[in-house]
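Input: a single structure, listed below in structure tokens.
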Amino acid sequence: MTNDVIDQAIAGYDKFRQLVEDLFQRVRDTLDWIPDALAELVKPIRDGLAFIGDKVAEFERAHEKFERDKGDPDKLRAYAAEWGDKFTQRLDTAAGALDPASLKTTVYWSGPAARTYQIALSEQLKKIDAAKDLGRQMRDSLTNLANAVETFWLTYNSIIWGLVGATAAAIVSAATVVGLPAALGILSAEIAAGIPAIFAIISVIDTTVDTIQNELVAIHDKADDLGEGWQQTDTSTMSHPGDWQTAG
């Protein structure tokens, strides 16, 4: 569903660009018939055309970035589910395998070696719980990014098709010299509102991406800390036969 919206938005942009080109050509063809003596009368029309051209060019440059890198909310949510479900489930499995209560044995150990093992195991289980928290944080970050990308394209799609409608209406109005000022006025007003709105949602998505990138860097650093802080067993208390004693 989300990818359909993205496709619609890209199609809307292409349609808008084509209609703008058609409008410009129609206006130029009409102005070519106006004598130079009336140049001052058509100056507002030329100014309006220049304004629209500048804004559309600015919009094109911004759009290129997002057409190259559209994002994929559906995939992001799938990856979020992997981190939130499968990753934590695997850690639960690992923790269960380490838990002494799950060991199938009729022999229980006591003494220095057993105490050392219990201490190390307790710390290792804490690290596994911390790793599960990181998995959930990764899930939340990816979900937030998916939601931000989806909101961006839904809003973009709405704005761009509004511009398509306004441009089509302007072309109809530009059929005569008398209608040119009204046509450019209609489109200028829509562009003056629509394109800044698109820049506003671009700013929001850029801020969101920056925030999530910082979150992912923090998660990466915490993961490194977990690996470096993994509790190692003190083998000095486990090297002699007397360190191992059966209990009960």
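The structure displayed is predicted, hence computed values, not measured ones.
- Heavy-atom contacts from other residues, nucleotides or ligands closer than 6.0 Å to NZ of K15 number 12 or fewer.
- The 12-atom threshold is not exceeded at OH of Y79, counting heavy atoms of other residues, nucleotides or ligands nearer than 6.0 Å.
- At least one side-chain heavy atom of I52 sits under 4.5 Å from a side-chain heavy atom of S188.
- Interatomic distance, R136 CZ to I219 CD1, rounded to the nearest 0.5 Å: 12.0 Å.
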Can H63 and Y156 be said to form a side-chain contact (heavy atoms from CB on, under 4.5 Å), step by step?
-> CA-CA 10 Å; H63 173 87; Y156 185 105; 2.4 Å; yes
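- Rounded to the nearest 0.5 angstrom, I160 CD1 and R17 CZ are separated by 10.0 Å.
- N157 places no side-chain N or O within donor-acceptor distance of the main-chain N or O of W153, the cut-off being under 3.5 Å.
- Closest heavy-atom contact between S141 and L216: CB-CD2, 4.2 Å.
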Show your reasoning for whether ring pair (Phe, Tyr, Trp, His ring centres under 6.0 Å) applies to F66 and F152.
-> CA-CA 10 Å; F66 290 94; F152 169 82; 4.6 Å; yes
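- In this structure a side-chain-to-backbone donor-acceptor pair under 3.5 Å is missing from S203 to F199.
- For the pair Q213/V217, no side-chain contact is recorded, criterion being any heavy-atom separation below 4.5 Å from C-beta on.
- In this structure, K132 places its NZ atom where more than 12 heavy-atom neighbours from other residues, nucleotides or ligands lie under 6.0 Å away.
- Under the 4.5 Å side-chain contact rule for hydrophobic residues, I191 and F24 share a cluster.
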Taking only distance into account, with no hydrogens and no angle test, what donor-acceptor pairs under 3.5 Å do side-chain atoms of residues 163-175 form with protein atoms, sequence neighbours excluded?
| from | atom 1 | to | atom 2 | distance (Å) |
| --- | --- | --- | --- | --- |
| T167 | OG1 | L163 | O | 2.7 |
| S173 | OG | A169 | O | 3.2 |

L23 and L184: CA distance, side-chain angles, deciding distance, side-chain contact (heavy atoms from CB on, under 4.5 Å) verdict = CA-CA 9 Å; L23 175 65; L184 297 182; 4.3 Å; yes
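- What you find for I202 and A62 is that their closest heavy atoms are CD1-CB, 3.9 Å.
- Of all the heavy atoms in G135 and W83, the pair that sits closest is O-CB, 3.7 Å.
- How far CG of D69 is from CD of E64: 13.5 Å, rounded to the nearest 0.5 Å.
- For Y13 and F59, the ring centers are positioned less than 6.0 Å apart.
- Put simply, CD on E190 and CZ on F16 are 10.0 Å apart, with the number rounded to the nearest 0.5 Å.
- Within the 4.5 Å cutoff, no side-chain heavy atoms of T207 are placed close to those of V204.
- For F51 against A192, the heavy-atom pair with the smallest separation is CZ-CB, 4.4 Å.
- You'll find the side chain of T151 stays beyond 4.5 Å of the side chain of I201, heavy atoms only.
- You'll find the side chain of D14 reaches within 4.5 Å of the side chain of I10, heavy atoms only.
- Inspection of the Q137 and D133 side chains reveals no N or O donor paired with an N or O acceptor under 3.5 Å.
- Taking the side chain as every heavy atom from C-beta outward, V20 and E60 never approach each other to under 4.5 Å.
- Within the 4.5 Å cutoff, the side chain of N144 has no heavy atoms near those of the T208 side chain.
- Atom CG of L142 is separated from atom CD of E82 by 11.0 Å, given to the nearest 0.5 angstrom.
- Across all non-hydrogen atoms, the minimal contact from I6 to K70 is CG2-CD, 3.6 Å.
- Between atom NE2 of residue H220 and atom CD of residue E215 there is a gap of 15.5 Å, rounded to the nearest 0.5 Å.
- Contact detail for W161 and A11: the closest heavy-atom pair is CZ2-C, 4.2 Å.
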